[in-house]
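Only one structure is covered here, and it is reproduced in the block below.
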Amino acid sequence: MKGCRNSGGGKRVQRRRWGGAGCCRVPGIHWAVLGGLVAALGVTLGLTLGVAGAWAHGPLFSAGPETIWKGGTEITVGLHDERARGHGHEERERETFLEIEYGITPDWEVSIELPYTWKSEDGFSSDGLGDVVIGTKYQFFVENLPGAQRKAAVFVNAKWPTADEKTMPPLGSGAWSVLGGLAVGYEGRRWYGFADVRYRHNGTGPQGLKKGDTLFLDVVGGVRPVLTEYDEPDTVLMLELNWERSARDQRAGVTLADTGGWQLFLSPVIWWTYRQVALKGGVQIPIASELNGDQPDADYRALFEAVYHF
Amino acid sequence: MMSLSKITRCKSRNRTGIVPAVVLAIVLGMLTVPAALAGQVYKLRVDGLACPFCAYGIEKKLKAVPGVASLKFQINKGLVVVTMKDGATLSRQQAQQIVRDAGFALRGFTRG
C-alpha cells in the first residue's frame with residue numbers, strides 16, 4: 001500500500017507536494033526525459049503515490065482494485081527516487097521499503113509497509129526510518145469473464161508518524177495521515193484500464209503544522225503486446241495520467257503562502273513477470289503544474305519494485 | 001544322439017526366440033503400466049484468468065490438494081488441466097472452492 005508514501009518527507013518536499021508556486025509550468029526537458037525512458041523501457045525507477053497492485057497487474061503510481069488470494073502473502077521490496085529543483089532550491093528523496101500483504105479472503109487484504117528514507121535539501125542531508133504505513137483494501141465488486149475481470153475496491157491506509165521529524169531535513173511530518181479511496185479496473189488478456197479517486201487527510205504535527213489535504217485522480221491504460229502462456233515470461237506496458245491537488249498548509253490556523261497547488265504527471269510503467277515473481281517500474285514525469293507561491297518544481301519521481309507472492 | 005555342438009545350436013535358437021518375446025513383454029509393460037497408474041484428468045474452465053502472474057494462486061491451492069499429480073495451465077483458453085494420482089479424485093465442489101479462494105470463477109468442470 002503506497003498511498004501515503006508521499007505524505008512523509010521534509011519541509012520543502014512537503015511544500016512541493018502540498019503547495020507552491022503560481023504559474024503553470026510545462027518544462028520542455030521533461031519531454032526529452034520521457035522519450036528516453038520510453039525508448040529504454042528497461043529503465044524503471046520511480047516513486048509511488050498509490051495503492052499498488054497485489055497479485056494481479058495494477059497501476060504503479062495510482063490505486064488498483066486487485067487483492068491477493070485467500071491465504072496468499074506477497075512481499076515487495078522497492079526503491080523510489082524523486083527530485084525537485086527551482087526557485088533556488090534543490091531537494092532529493094530516496095527510499096527503500098519492504099511491504100507485506102496478506103489475503104484474509106479473496107476480496108479483503110491487509111498490508112504493512114516499512115520504509116527507510118534518505119533526504120537531502122540545499123546541502124543538508126539525513127536518513128533513517130520513514131513513516132510506517134498500514135492499510136487494508138476490500139474488493140466489493142468482481143465480474144469474472146472469459147480471460148478478463150472487472151472489479152472495484154475501496155481502501156484505506158494510515159501513515160504512522162514513525163519517522164524522525166527533528167532531523168535536518170526532517171524525515172517525516174510528525175503527524176498521522178489517512179488516505180482513502182475508490183478504484184475500478186478492467187484486466188484482460190490484451191488490454192488493461194484503471195481509474196481511481198483518492199483523498200488524503202493529514203493530521204496536525206509538531207508546532208501546530210497541518211499539511212494541506214490532497215485529492216488524487218488517476219486514469220491508466222495498459223497493453224500486453226504478446227499473449228504469453230503460464231510458463232513464459234510476461235510483459236505488460238502501462239501509461240498512467242496522475243493528477244493531484246493539495247490545499248495550503250496551515251500553522252496554528254494560519255495559512256502558509258508557499259504551499260498547495262496541483263500537478264499533472266504522465267507515467268510510463270512496465271511490468272515483467274514470471275510465475276510468482278514480478279519486476280515493475282516506472283517514472284512520473286510532470287507535464288503541467290500550478291503551485292502556489294515559491295516552490296521547486298517536481299523534476300521526476302521514479303519507482304522500482306520486486307515482488308514475490310506465495 | 002545329437003552332438004554337443006548341435007545341442008548348443010538348438011539352445012541358441014531357442015534363446016533367440018525367447019528374447020524378443022521378453023523384450024516385447026517389457027516394452028508393452030512399460031507402455032501399459034504408467035497408463036494404468038495415471039490418475040483421473042480434470043479440465044477446469046476458469047473465468048477471470050487474465051495473466052500468468054495472477055494464476056499462481058490457483059497453482060498453489062491445487063498443489064495443496066492431496067492426490068494432485070500435475071497441473072497444466074492454458075491461460076489463452078482459460079483452462080487448467082489437473083491430473084490426479086492413481087485412485088485420487090477431485091470433486092466439482094473442491095475445484096469451485098479452490099478457484100473461488102484464488103479470486104476467480106469456475107465456469108466448467110469436466111472429467112477425462
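Each chain gets a letter, A, B and so on, in the order its sequence line appears, and its residues count up from 1. Below, all heavy atoms of this structure are taken into account, side chains as well, without hydrogens, waters or symmetry copies.
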- Message: Donor-acceptor pair, distance only, cut-off 3.5 Å: does the side chain of A/Arg224 make one with the backbone of B/Ala50?
- Response: yes

- Message: Tell me whether the rings of B/Tyr56 and A/Trp69 are parallel (<30°), tilted (30 to 60°) or perpendicular (>60°).
- Response: tilted

- Minimum side-chain heavy-atom gap A/Val277-B/Phe53 below 4.5 Å: no

- Query: Would a 4.5 Å heavy-atom cut-off, applied to side chains only, mark A/Val236 and B/Cys51 as touching?
  - Reply: no

- Message: Given heavy-atom pairs under 4.5 angstrom as the criterion, report whether the side chain, backbone, both or neither of A/Asp107 touches chain B.
- Response: side chain

- Task: Kindly indicate whether the side chain of B/Cys54, heavy atoms from C-beta on, has any atom under 4.5 Å from the side chain of A/Glu187.
- Result: yes

- Close side-chain approach of A/Glu229 and B/Pro52, heavy atoms under 4.5 Å: no

- Item | Pairwise distance CD1(B/Ile75) to CD(A/Glu232) - rounded to 0.5 angstrom | 10.5 Å

- Name the option with the most non-hydrogen atom pairs under 4.5 Å to chain B; the candidates are A/Gly188, A/Gly103, A/Gly71, A/Gly72. A/Gly188

- Query: For atom NZ of B/Lys77, is the number of surrounding heavy atoms from other residues, nucleotides or ligands below 6.0 Å larger than 12?
  - Reply: no

- Item | For A/Gln149 against B/Phe104, the heavy-atom pair lying closest together | NE2-CD2, 3.8 Å

- Residue part contacting chain A, namely of B/Arg45, when any heavy atom lies under 4.5 Å: neither

- Task: Determine the option with the most heavy-atom pairs under 4.5 angstrom with chain B, choosing from A/Leu145, A/Thr228, A/Val142.
- Result: A/Leu145

- Which portion of B/Lys61 sits near chain A, non-hydrogen atoms under 4.5 angstrom: side chain

- Message: Is A/Ala148 in contact with chain B via its backbone, its side chain, both, or neither, using a 4.5 Å heavy-atom distance?
- Response: backbone

- Message: Would you compute the distance between atom CZ of A/Arg189 and atom CG of B/Asn76 and round it to the nearest 0.5 angstrom?
- Response: 4.5 Å

- Message: Is it the case that the side chains of A/Tyr230 and B/Glu59 hold a donor-acceptor pair, with the cut-off being a distance below 3.5 Å and no angle test?
- Response: yes

- Region of A/Tyr192 that comes under 4.5 Å of a non-hydrogen atom in chain B: side chain

- Task: Mind ranking A/Asp231, A/Thr273, A/Asp234, A/Asn144 by heavy-atom pairs under 4.5 Å with chain B and telling me who comes out on top?
- Result: A/Asn144

- Message: For A/Trp160, is the CH2 atom crowded, meaning more than 12 foreign heavy atoms sit under 6.0 Å from it?
- Response: no

- Is it the side chain or the backbone of A/Leu227 that comes within 4.5 Å of chain B heavy atoms, both, or neither? both

- Task: Using non-hydrogen atoms and a 4.5 Å limit, figure out which bit of A/Thr105 sits close to chain B: side chain, backbone, both or neither.
- Result: neither

- Task: Verify the neighbour count for atom CZ of B/Arg111: are there more than 12 heavy atoms of other residues, nucleotides or ligands below 6.0 Å?
- Result: no

